[in-house]
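See structure below.
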Amino acid sequence: MLTGNALRQSFLDYFVARHHTQVRSSSLVPENDPTLLFTNAGMVQFKSVFLGQERLPFTRATSAQKCLRISGKHNDLEAVGRDTYHHTFFEMLGNWSFGDYYKEEAIGWAWDLLTREWRLPKERLWTTVYLDDDEAERLWIKVAGIPTERILRFGQKENFWEMGETGPCGPCSEIHLDRGLEACDRKMVKGHRCLVNGDCARFIELWNLVFIQYNRNDQGSLQDLPAKHVDTGMGMERITAVLQGVLSNYDIDYMRDLIRTTEDLAAKKYGESAEQDLSFGVIADHARAVAFLIADGVVPSNEGRGYVLRRLLRRAARHGRPIGPPLQRRLGRRLDFEAPRAHHRLCLGAG
Ligand code: GLY
């Protein structure tokens, strides 16, 4: 089985072999950016490069970025515990072009990595493009050979990516995977249809390719940027689930390591009831968010980032109560923290 750590490395190696510079993940607390509470995408550390305010000694980059989506434009808090493929904290695998390559290479490499290197079945992949992006549609046909009926057009909400209320942005093209009818979690809902960008777990978005060409200014209008850029993002937990052949992100290797720790603390087994599993998942998700926030210098408080951290701790504790005896009573036991630690050491060191 390809472990999560091996998959991260395989992504980074793929782009390094294509002359991308591997960049370390930046902090969850964005540097000098009052417009964002938390780093919510891999592109955040490159914002000033896209805006033409900074030049780096390279024009191609790749990273595995720690992200937190719990405030502002990208907030997945409520989805955690409701589905098994959204997280507050996750790693985003990405590749970037700063005024270097554009749509053709971005599309070609994404397709090649997914279908040749990682062997995803081509016939199960769908793509979406922005309403008027004929060029991207043409390239999906030319470079990837996707039939037109599996290339769908969507508007602003689905296919125009923005980091926040202001900042670099542009039309995007997404790759979705059809995981088959067995993955649908709304089969019993009358009138439900499984659709790309629908409301069930059958079709999941794997990778977002953003063609950054505008800046949204603080009056809300779009200005052309001096150059065109590529910004891609792929949720590592989702692609790991796909490549490990599991439907839930909580069943991937490094999430199960965390769940095993909760099993040990609670003296309960994961997999006994759907309601209990949901709590195991929320605790695993929030434990990661809390650990990485604290590692990046955030401490619990009554406002701002510290308040978000407190809310995460409280929500995780609320899910802990129904599944186990108070932690204090079990604290004398030896716990196996080694596996999660090994993963998180690698995560912090990656990129
Ligand atoms: N920046 C691309 C994404 O977050 O999807």
Side-chain angles (χ1 to χ4, degrees), residues 8 11-12 15 20 23 25-26 28 30 33 35-51 60-77 79 85-103 105-107 109-110 113-114 125-130 133 136 154-177 196-197 203-216 222 225 227-240 242 249 351:
R8 183 195 300 108
F11 180 92
L12 297 170
F15 284 102
H20 290 63
V23 174
S25 170
S26 64
L28 283 173
D33 189 349
T35 70
L36 278 184
L37 206 53
F38 298 109
T39 297
N40 59 9
M43 57 77 75
V44 168
Q45 65 168 313
F46 305 119
K47 181 176 173 181
S48 59
V49 182
F50 292 131
L51 293 175
R60 298 177 181 193
T62 185
S63 85
Q65 172 67 49
K66 296 173 280 183
C67 293
L68 197 69
R69 289 200 167 172
I70 197 171
S71 59
K73 211 171 182 70
H74 300 280
N75 189 341
D76 291 328
L77 179 63
Y85 51 96
H86 280 97
H87 298 291
T88 57
F89 173 88
F90 66 101
E91 281 183 74
M92 184 178 281
L93 304 172
N95 58 290
W96 291 274
S97 153
F98 309 121
D100 185 326
Y101 62 84
Y102 203 43
K103 294 183 187 180
E105 291 86 344
I107 287 174
W109 286 331
L113 178 58
L114 291 178
L125 295 174
W126 292 62
T127 62
T128 64
V129 299
Y130 186 58
D133 197 348
F154 286 89
Q156 196 81 11
K157 177 169 172 277
E158 307 290 356
N159 276 76
F160 192 92
W161 196 83
E162 310 200 39
M163 63 188 292
E165 294 312 317
T166 60
C169 55
C172 60
S173 186
E174 295 179 338
I175 305 171
H176 295 248
L177 174 71
V196 169
N197 287 328
F203 289 92
I204 49 158
E205 178 204 326
L206 287 183
W207 204 342
N208 187 14
L209 318 180
V210 187
F211 309 120
I212 292 205
Q213 44 186 290
Y214 306 111
N215 178 36
R216 173 90 62 195
L222 293 178
L225 288 171
K228 292 182 174 174
H229 313 277
V230 170
D231 155 38
T232 88
M234 170 157 55
M236 179 163 136
E237 290 68 21
R238 280 190 199 177
I239 187 69
T240 303
V242 168
N249 287 7

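Whatever order the structure lists ligands and atoms in, that order sets their numbers, starting from 1.
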Could you check [atom] against the protein and tell me its nearest heavy-atom contact, residue, atom and distance included?
atom	value
atom 4 (O) of ligand 1	Arg69 NH2, 3.0 Å
atom 1 (N) of ligand 1	Asp231 OD2, 2.8 Å
atom 5 (O) of ligand 1	Asn208 ND2, 3.0 Å

Near Val210 (heavy-atom distance under 4.0 Å), the atoms of ligand 1 are 2 (C)
Quick one, Phe154 and Tyr130 - any side-chain contact, counting heavy atoms below 4.5 Å? no
Would you say the side-chain atoms of Gln65 pair up with the backbone N or O of Met43, donor to acceptor, closer than 3.5 Å? no
Nearest heavy-atom approach of Cys67 to Met92 is SG-CB, 3.7 Å
Do Ser173 and Lys103 have a side chain donor and acceptor closer than 3.5 Å? no
Short version for Met92: what comes under 4.0 Å of ligand 1, heavy atoms counted, is side chain
Note: Glu174, heavy atoms under 4.0 Å from ligand 1, region reported as neither
Next on the checklist: Working note: Trp109 + Val230, criterion side chain to side chain contact (heavy atoms under 4.5 Å, CB included); need CA distance, chi angles, decisive distance, verdict.
Outcome noted: CA-CA 12 Å; Trp109 286 331; Val230 170; over 6 Å; no
